[in-house]
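The block underneath contains the structure these notes are about, expressed in structure tokens.
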Amino acid sequence: MEVRARAPGKIILAGEHAVVHGCTAVAASIDLYTYTSLRFPTPSDNDDTLKLQLKDIGLEFSWPVVRIKELLPEMDIHAISSPSSCSFEAINALASLVEEQNIPEANIGLASGVSAFLWLYTSIHGYKPAKAIVTSELPLGAGLGSSAAFCVALSAALLAVSDFVKLEFSHQGWQIFGDSELELVNKWAFEGEKIIHGKPSGIDNTVSTYGNMIKFKSGDLTCIKTNMPLKMLITNTKVGRNTKALVASVSERTMRHSNAMSSVFNAVDSISNELATIIQSPVSDDLAITEKEEKLGELMEMNQGLLQCMGVSHASIETVIRTTLKYKLSTKLTGAGGGGCVLTLLPTLLSGAVVDKVIAELESCGFQCFIAGIGGRGLEISFSGSS
Ligand SMILES: Nc1ncnc2c1ncn2[C@@H]1O[C@H](COP(=O)(O)OP(=O)(O)O)[C@@H](O)[C@H]1O
Ligand SMILES: C[C@@](O)(CCOP(=O)(O)O)CC(=O)O
Ligand SMILES: [Mg+2]
């Protein structure tokens with residue numbers, strides 16, 4: 001039997017970074033997914049390895065399970081229901097197991113993802129041989145939450161066939177988990193995110209697990225019901241960056257200027273709350289929508305200014321902002337910044353011709369533009385083959 005899971009990426013409409021420091025943020029899932037499949041070999045396969053294939057990247061990693069046993073301490077399988085953090089010793093052991101795979105220098109960013117895989121796998125299935133295959137529609141390391149989607153899809157596939165979660169599975173395509181399973185997936189995915197991000201807020205794994213649009217503060221989520229159409233242009237600057245390093249740099253700035261940064265974070269908190277209120281308030285007509293869009297655009301610009309104060313903007317992001325401003329459109333970075341993806345609010349009454357012009361101008365700078373569906377599905381799983 002094979003289990004598959006898919007988990008969406010996300011955009012953050014307001015509050016990235018500040019959310020790591022306990023402030024409110026607003027995020028929505030997008031209709032781009034990371035897929036994982038998991039299969040255990042049969043005895044006749046005579047295969048005693050754990051394999052991870054990153055299909056679209058064209059890389060495959062393989063560890064004899066005895067090698068994993070040598071380096072990683074025995075997991076307490078009863079701890080599946082209460083995920084625990086990876087110890088310092090385990091982090092080092094994972095790093096050794098990953099190092100032995102000689103990841104090409106050009107893909108070295110994947111090392112933390114591979115460590116997270118090994119940690120999640122061995123925590124849930126111990127030293128059992130298996131093959132996991134991962135593919136993703138998300139750009140990796142671009143602010144759209146690929147790390148969280150990876151951890152959520154992986155945790156879900158692993159838990160779906162664990163002794164702990166006994167699922168009534170049907171063979172009818174994508175299904176959703178119950179509330180308690182979703183909660184457990186989200187907790188495990190958060191542990192995986194810690195390995196990749198260092199100090200995640202948990203917003204990315206939460207929105208990837210539950211989908212929709214959410215308001216998130218200190219681990220608590222509130223579902224936001226949107227009362228207006230919301231269209232965002234996503235521009236990938238294609239400038240590579242690393243969330244862990246950016247989150248750490250904001251924390252360092254916070255240590256240096258704690259009062260000033262706490263004012264910056266408080267301002268972001270107010271922006272996120274106001275943005276959520278606007279999105280949820282009822283609309284009567286086109287004029288009301290236009291007014292709301294103007295307010296949202298202004299809040300996005302204010303949030304971008306504060307992200308710049310935190311030191312996470314980038315010349316490429318500023319280029320997108322300048323370009324879209326020529327068309328009176330509001331833009332902010334999304335995710336950790338430092339490059340990666342940028343959001344531009346596309347008002348309902350904006351003509352298709354103008355949108356095409358903006359996209360053409362941005363793409364002429366070497367950026368890549370797309371419009372994704374926002375606030376849709378969260379995690380889903382499916383089974384195939386005989387059990
Ligand atoms: N499909 C994947 N396969 C393996 N690792 C992944 C995958 N998706 C994400 N990752 C891991 O997450 C890292 C990117 O995460 P991050 O820097 O947080 O950016 P983002 O989450 O915005 O894409 C990658 O460098 C890799 O380690
Ligand atoms: C910067 C931050 O707020 C979002 C990071 O998102 P991404 O990994 O860049 O997609 C960090 C976090 O909330 O964990
Ligand atoms: Mg991430």
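Each ligand, and each atom within it, is numbered from 1 in the order the structure gives. We're numbering straight along the sequence, starting at 1.
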Between [X] and ligand 1, is there a nitrogen or oxygen pair with a distance under 3.5 Å?
| X | answer |
| --- | --- |
| Gly113 | yes |
| Ile196 | no |
| Ser112 | yes |
| Gly141 | yes |

| task | Report the protein N/O/S neighbours of the Mg ion (ligand 3) that fall below 2.8 Å; do not count waters. | result |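 Under 2.8 Å from the Mg ion (ligand 3) - ignoring waters, which are not counted - the protein N, O or S atoms are Ser147 OG, His197 NE2.
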
I'd like to check which ligand 1 atoms, numbered from 1 as shown, lie under 4.0 Å from a non-hydrogen atom of [X].
| X | answer |
| --- | --- |
| Val134 | 1 (N) |
| Leu144 | 22 (O) |
| Arg241 | 17 (O), 19 (O), 22 (O) |
| Leu54 | 3 (N), 4 (C) |

May I ask you to identify, for [X], whether its side chain, its backbone, both or neither come under 4.0 Å of ligand 1 on a heavy-atom basis?
| X | result |
| --- | --- |
| His197 | side chain |
| Asp204 | neither |
| Ala336 | neither |

| query | What residues sit with at least one heavy atom under 4.0 Å from ligand 2? | reply | Lys10, Ile12, Glu16, His17, Val19, Val20, Gly143, Leu144, Gly145, His197, Pro200, Ser201, Ile203, Asp204, Arg241, Thr243, Val247, Gly335, Ala336

| query | Among protein heavy atoms, which lies nearest atom 15 (O) of ligand 1, and at what distance? | reply |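 In this structure, atom 15 (O) of ligand 1 has Ser147 CB, 3.3 Å as its nearest protein heavy atom.
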
| said: Per the salt bridge (charged side-chain N to carboxylate O under 4.0 Å, His left out) rule, what does the pair list look like for residues 188-198, sequence neighbours excluded? | reply: Glu191-Lys194

| message | Assess whether a salt bridge exists between Lys10 and Glu16, defined as any Lys/Arg side-chain N lying under 4.0 Å from an Asp/Glu carboxylate O. | response |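 Result for this pair is no, no salt bridge flagged.
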
| query | In the hydrophobic clustering (ILVMFWY, side-chain contacts below 4.5 Å, transitive), which residues join Trp174, or is it alone? | reply | Tyr33, Tyr35

| message | Quiz question: by atom type and distance under 3.5 Å, do the side chains of Ser313 and Gln304 form a donor-acceptor pair? | response |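 On atom types as modelled, these side chains qualify, holding a pair under 3.5 Å.
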
